[in-house]
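One structure below.
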Amino acid sequence: MSLLELKNIYKIYGDLHALDDVNLKVEKGEWLSIMGPSGSGKSTMMNIIGCMDKPSKGEVLLDGVDISKESSKNLTTIRRDKIGLIFQQFHLVGYLTAIENVMLAQYYHSVPDEKEALEALDRVGLADRAKHLPSQLSGGEQQRVCVARALINYPEIILADEPTGNLDDANEKIVVDLFHKLHNEGTTLIVVTHDPEVAEVAQRTVFLRNGKLHKETINENFTGEIKFDK
Amino acid sequence: MKKRQMYFRMITASLIRRRSRMLVALLSIAIGATILSGLVTIYYDVPRQMGAQFRNYGANMIFTPSDGSFTQADIEDGRSYIESADIVGVTPYRYESVRIHELPVMAAGTDLTQAKLTSPYWSVEGEYPSGTGSLLLGASLSEQFRLFVGDTVTVSYTPEFDGRSEDETILDNTIDLTVAGVLETGGPEEDYVYLQLSDLEQLTGKSGEIDLAELSISANSDKLRSYAEKISSSVQALDARLVKRVTESETTVLTKLQALVLLVTVVVLALTMICVATTMTAVVTERRREIGLRKAIGASNGGIIKEFMGEGMLLGGLGGIIGSVLGFIFAQQVSVHVFSSSITFMPLIVPVTILVSVAVTGVSCLLPIRSATQIDPALVLKGE
Ligand SMILES: Nc1ncnc2c1ncn2[C@@H]1O[C@H](COP(=O)(O)OP(=O)(O)OP(=O)(O)O)[C@@H](O)[C@H]1O
Ligand SMILES: [Mg+2]
């Protein structure tokens, strides 16, 4: 059984088909890239997978459970337990320090654990920035805090919507390296990106156009080793 | 770390690190709480103070002679109709025209110990004369004659022609007295010289006559009225009258004042609620993204409500604490400047103010927080 399966998914706004009969399977531990032009429905799809939105039609099976018909309350629980989210615009709570932002995810998930949160920050190389507020961190550092926050609860899937969209090359590399590490630890990764170089390092890339999946490529050279280099 | 610890860390961080924003909300709550606790203090304390003041505000009953003058015995007679526990003071007055430095001056012979009780608003520089041989000089006379505390003054009196010795030159009676104190009241009393009754009797050579007695009685207006009626009908020589101005104003002014204070308190509470609700609405709007983010990483609606309520109530509590301190100062200022009496601190007002401002803040946060739970994480996180 696949970890995630989208079956004939539609998302319709008026007469706009943001998603138009999408079918997709993602296996446990897989690293998938999603590409496509602006407005092609990438974020719409991520929101549905991330339990933040429901499809107009179709089934979404996560761990064998159809989440497309769940109440928003249950979706919150599922999202909290199974999904780690990373956004293009970082989205940290401005008045909480780096470590408090990581602990926030623990707080909603189970119980905050400062030591564990510090370890997560250490993994993204920011242990020494733990007490900094987001405004005192660079964009790249903020995104790394987001990665730490996304991975803190050991989610089944990490969803990243344009995680490197606002980053320079050096920070982009750091974040992609982190994805490599997570992948090697067995985390399932779904990454939306405009950047072919970021997409290419994944095992598989699907292309969306006008809400339809129209192409899929497998990275034949994928070894799981860090070799992304710019 | 416990969940609760993280919760408090979060809401205090929100208040402390976003203080410039929160200050507006805090300010409105604190001002509301200040006015609230101030007015409630005034509501309870000033009437108490003023009641005491009104009761002591000079006499609330006077005895006048029904014919010419009366005697000390008549006063005692009248006095016997009043329950002794109700009597604050009874002061007899006899007025005579005397002369100081050859200028005519009105002298009042009285019992200065009793006068202190029936005219507590008298302000005396120096001391009240304690026995015979000294007098209390009205402030304007003191200025006119340049006589001050400690000076000796000769008071003279021309006895009335009694028809017995037609050819004799009538000699003035004189008495030397020490100025024990100078009397300031801002009223007509400043034009009088106050002597002990026995000194005046010695000076005039006539005793037993009294022109007026002032009584301060601690009783409500109904009881006062019945006292007055009984005395007037039972004691031949006396006419007992209530000093209306004081007794009536005591009740009506206070009722009106309290009604006004109550009204203002309600209005202030309503305004505070509107103000806090507006501020909280702004806070929620400003933090839409944060709320969306919190929901995206797993906050339930209940969690969001708990956090914002927590912030609101913490603000309410802080505002309440600030307000009860400032409110006391405010009430004190109002009391001192308007009612010339100082406030006694009521400890109960502090927890009440804090509770009320927490409750008011909580209620005013309800609507904005409800709208916070409606925020859809997907839409908020979509973009800038
Ligand atoms: N709430 C909505 N109401 C109406 N239309 C919407 C809504 N959300 C998305 N759309 C439309 O659905 C389409 C897909 O949007 P989506 O955000 O998924 O695009 P995207 O692939 O993520 O684009 P980008 O690369 O610019 O982020 C767009 O045409 C968008 O205008
Ligand atoms: Mg998008």
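Computed from heavy atoms alone, side chains included, the values below leave out hydrogens, waters and symmetry copies. We name chains A, B, ... by the order of the sequence lines, and we start the count at 1 in each one.
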Self-check item: A:Arg149 and B:Ile297, any side-chain heavy atoms less than 4.5 Å apart
Solution: yes

Exercise. Mind ranking B:Ala13, B:Ser14, B:Ser300 by heavy-atom pairs under 4.5 Å with chain A and telling me who comes out on top?
Key: B:Ser14

Quiz item: What part of A:Thr97 gets closer than 4.5 Å to chain B, counting heavy atoms only: side chain, backbone, both or neither?
Solution: both

Practice problem: Measure distances from A:Leu133 to the heavy atoms of chain B and classify the residue's part below 4.5 Å as side chain, backbone, both or neither. | Solution: side chain

Quiz item: Do other residues, nucleotides or ligands put more than 12 heavy atoms under 6.0 Å from B:Phe345 CZ?
Solution: yes

Quiz item: Which bit of A:Leu85 comes within less than 4.5 Å of chain B, counting heavy atoms only: side chain, backbone, both or neither?
Solution: side chain

Quiz item: Would you say the side-chain atoms of A:Arg80 pair up with the backbone N or O of B:Ala299, donor to acceptor, closer than 3.5 Å?
Solution: no

Self-check item: Over 12 non-hydrogen atoms of neighbours within 6.0 angstrom of CG in A:Asp20
Solution: yes

Exercise. Select one option (side chain, backbone, both, neither) describing which atoms of A:Tyr107 are under 4.5 Å from chain B's heavy atoms.
Key: both

Quiz item: Does the side-chain contact (heavy atoms from CB on, under 4.5 Å) test come out yes or no for A:Thr76 and B:Lys295, once each step is laid out?
Solution: CA-CA 7 Å; A:Thr76 302; B:Lys295 290 181 111 179; over 6 Å; no

Practice problem: Give the member of A:Met52, A:Gln106, A:Arg79 that has the highest number of heavy-atom pairs under 4.5 Å with chain B. | Solution: A:Arg79

Quiz item: Would you call A:Leu104 and B:Arg294 a side-chain contact if the rule is heavy atoms closer than 4.5 Å?
Solution: yes

Quiz item: About how many Å separate CG of A:Leu96 and CD of B:Glu290, when rounded to the nearest 0.5 Å?
Solution: 7.0 Å

Quiz item: Does any donor atom in the side chain of B:Arg287 or A:Tyr95 lie under 3.5 Å from an acceptor atom in the other side chain?
Solution: yes

Practice problem: Would you indicate whether the side-chain heavy atoms of A:Met103 and B:Arg9 approach each other to under 4.5 Å? | Solution: yes

Exercise. Under 4.5 Å, heavy atom to heavy atom: which of residues 301-324 of chain B reach chain A? Give them by number, or say none.
Key: B:Lys306, B:Glu307, B:Glu311

Quiz prompt | Rounded distance (nearest 0.5 Å) linking atom CD of A:Glu100 with atom CE of B:Met10 | solution = 9.5 Å

Practice problem: Mark yes when over 12 heavy atoms from residues, nucleotides or ligands other than A:Arg209 sit less than 6.0 Å from its CZ; otherwise mark no. | Solution: no

